[in-house]
Amino acid sequence: MTWATHYFNEDTSNVFTKDGNIVEYSNQLSIARCVSCGKKIIWVNNTYVYPDIIAEEPNVDMPERVKQLYNEAGLIYNKSPRAACALLRLAIDRLCNELGEVDRDINNNIGALVMKGLPKIIQQALDVVRVVGNKAVHPGVISFDVDDMNTAITLMHLINMITERMISEPKEIESLYEILPDSVKKSINNRDKI
């Protein structure tokens with residue numbers, strides 16, 4: 001990274017003292033440029049401001065309809081965590097649909113995915129962030145009072161974990177199975193018929 005730092009005051013009328021000396025600046029603008037890709041990053045007073053950062057990149061196997069919501073949430077989670085959490089809950093619902101679950105209740109969809117191999121621990125994690133609800137005696141109720149930046153980051157991580165477990169791992173196992181010689185696959189099929 002190459003760096004450029006500029007100092008400035010909000011009020012430029014007081015930049016110089018009566019004797020012509022420069023007063024101390026109250027603000028700092030720093031720009032870092034990557035020497036490899038040429039992209040820039042900007043900080044104002046040691047606060048990161050540009051570009052927006054997605055907390056966690058989406059799993060490459062994430063369905064496109066889910067990835068669109070995921071990426072949108074990733075761009076706003078630090079500005080509006082509640083909006084990001086709402087988008088991520090919708091992404092979880094869409095991911096369940098992409099995995100064949102069509103119940104209108106996300107709680108039931110997550111339960112069905114657990115029956116298909118999604119680790120129960122992921123269901124419990126979703127309950128903790130109240131995606132499927134675990135509030136009082138009303139399963140399926142979403143509690144928005146927990147929507148903060150950490151909840152958004154956790155939801156992103158959980159969506160990636162669900163995608164990994166339910167899409168990426170089976171895809172990888174299938175590709176490994178496909179490279180087996182036909183004679184071995186035939187033997188396996190005969191064994192499985194017994």
Side-chain angles (χ1 to χ4, degrees), residues 41 47-180 185 188-189 191-192:
I41 300 172
T47 300
Y48 180 90
V49 295
Y50 177 84
D52 289 326
I53 296 177
I54 293 178
E56 184 176 335
E57 290 296 321
N59 181 303
V60 295
D61 294 321
M62 188 179 292
E64 195 56 40
R65 289 176 4 113
V66 178
K67 194 181 292 185
Q68 289 171 349
L69 292 168
Y70 182 98
N71 286 335
E72 185 177 349
L75 291 174
I76 64 167
Y77 81 98
N78 57 351
K79 294 176 184 160
S80 179
R82 289 178 67 181
C85 288
L87 286 167
L88 291 165
R89 287 185 177 94
L90 181 57
I92 290 169
D93 194 42
R94 244 187 221 171
L95 181 56
C96 289
N97 295 155
E98 292 284 337
L99 294 170
E101 303 309 323
V102 292
D103 197 295
R104 292 180 52 87
D105 184 346
I106 192 171
N107 193 37
N108 293 339
N109 288 336
I110 295 291
L113 289 178
V114 169
M115 299 298 286
K116 289 181 177 178
L118 183 69
K120 189 159 180 67
I121 194 77
I122 294 177
Q123 177 189 352
Q124 292 168 345
L126 289 168
D127 285 337
V128 168
V129 294
R130 298 180 188 198
V131 173
V132 289
N134 203 3
K135 190 170 188 173
V137 292
H138 305 289
V141 173
I142 295 173
S143 174
F144 293 103
D145 61 347
V146 297
D147 288 351
D148 59 14
M149 196 177 299
N150 289 330
T151 302
I153 291 168
T154 300
L155 288 171
M156 286 182 200
H157 188 63
L158 289 169
I159 292 170
N160 272 330
M161 288 174 71
I162 294 168
T163 303
E164 178 69 24
R165 185 58 171 253
M166 302 304 289
I167 299 173
S168 299
E169 287 179 7
K171 182 177 164 183
E172 186 176 349
I173 290 168
E174 185 178 331
S175 70
L176 291 171
Y177 183 80
E178 287 304 314
I179 62 173
L180 290 173
K185 287 192 266 187
I188 292 170
N189 286 337
R191 177 206 65 203
D192 291 345

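Quick note: residue numbers are just sequence positions, from 1.
Checked by atom type and distance alone, the side chain of Arg165 never pairs as donor or acceptor with a backbone atom of Pro119 at under 3.5 Å. Side-chain atoms of Asn109 come within 3.5 Å of backbone N or O of Asp103 as a donor-acceptor pair. Side-chain N or O atoms of Asn160 include one that pairs as donor or acceptor with a backbone N or O of Asn59 at under 3.5 Å.
Nearest heavy atoms, Gln123 versus Val114: OE1-CG2, 3.3 Å. Pairing each heavy atom of Ile110 with each of Cys96, the nearest pair is CD1-SG, 3.8 Å. Across Met156 and Glu56, no two heavy atoms sit closer than the pair SD-N, 4.2 Å. Annotation for Asp93 and Ile106: closest pair N-CD1, 4.0 Å, computed over non-hydrogen atoms. Residues Ile76 and Ala83 share a closest heavy-atom pair of CD1-CB, 3.7 Å. Summarising the geometry of Leu118 relative to Met166, their closest heavy-atom pair is N-SD, 3.6 Å, with the distance given to 0.1 Å.
The closest side-chain heavy-atom distance from Thr163 to Pro58 is not below 4.5 Å. Within the 4.5 Å cutoff, the side chain of Ile159 has heavy atoms near those of the Ile92 side chain. Annotation: side chain of Leu180 is in contact with side chain of Ile188 (closest heavy-atom distance under 4.5 Å). For the pair Met149 and Asn78, the minimum side-chain heavy-atom distance is below 4.5 Å. Side-chain contact between His157 and Met161 is present, with at least one heavy-atom pair separated by less than 4.5 Å. With contacts defined as side-chain heavy-atom distances shorter than 4.5 Å, the pair Leu95/Leu99 qualifies.
Taken to the nearest 0.5 Å, the CZ atom of Arg94 stands 14.0 Å off from the NZ atom of Lys67. Between Tyr70 atom OH and Glu64 atom CD the span is 13.5 Å, to the nearest 0.5 Å. Expressed to the nearest 0.5 Å, how far CD of Gln68 lies from CG of Leu90 amounts to 11.0 Å. Between atom CG of residue Leu126 and atom CG of residue Leu158 there is a gap of 5.0 Å, rounded to the nearest 0.5 Å.
In the model, Thr151 has a side-chain atom that pairs as donor or acceptor with a side-chain atom of Asp148 under 3.5 Å.
When the shell of 6.0 Å around CD of Glu174 is examined, it contains 12 or fewer heavy atoms from other residues, nucleotides or ligands. Residue Glu172 places its CD atom among 12 or fewer non-hydrogen atoms of other residues, nucleotides or ligands, all under 6.0 Å distant. Counting non-hydrogen atoms of other residues, nucleotides and ligands closer than 6.0 Å to CD1 of Ile121 gives a total of 12 or fewer. Atom NZ of Lys116 sits in a crowded spot, with more than 12 heavy atoms from other residues, nucleotides or ligands closer than 6.0 Å.
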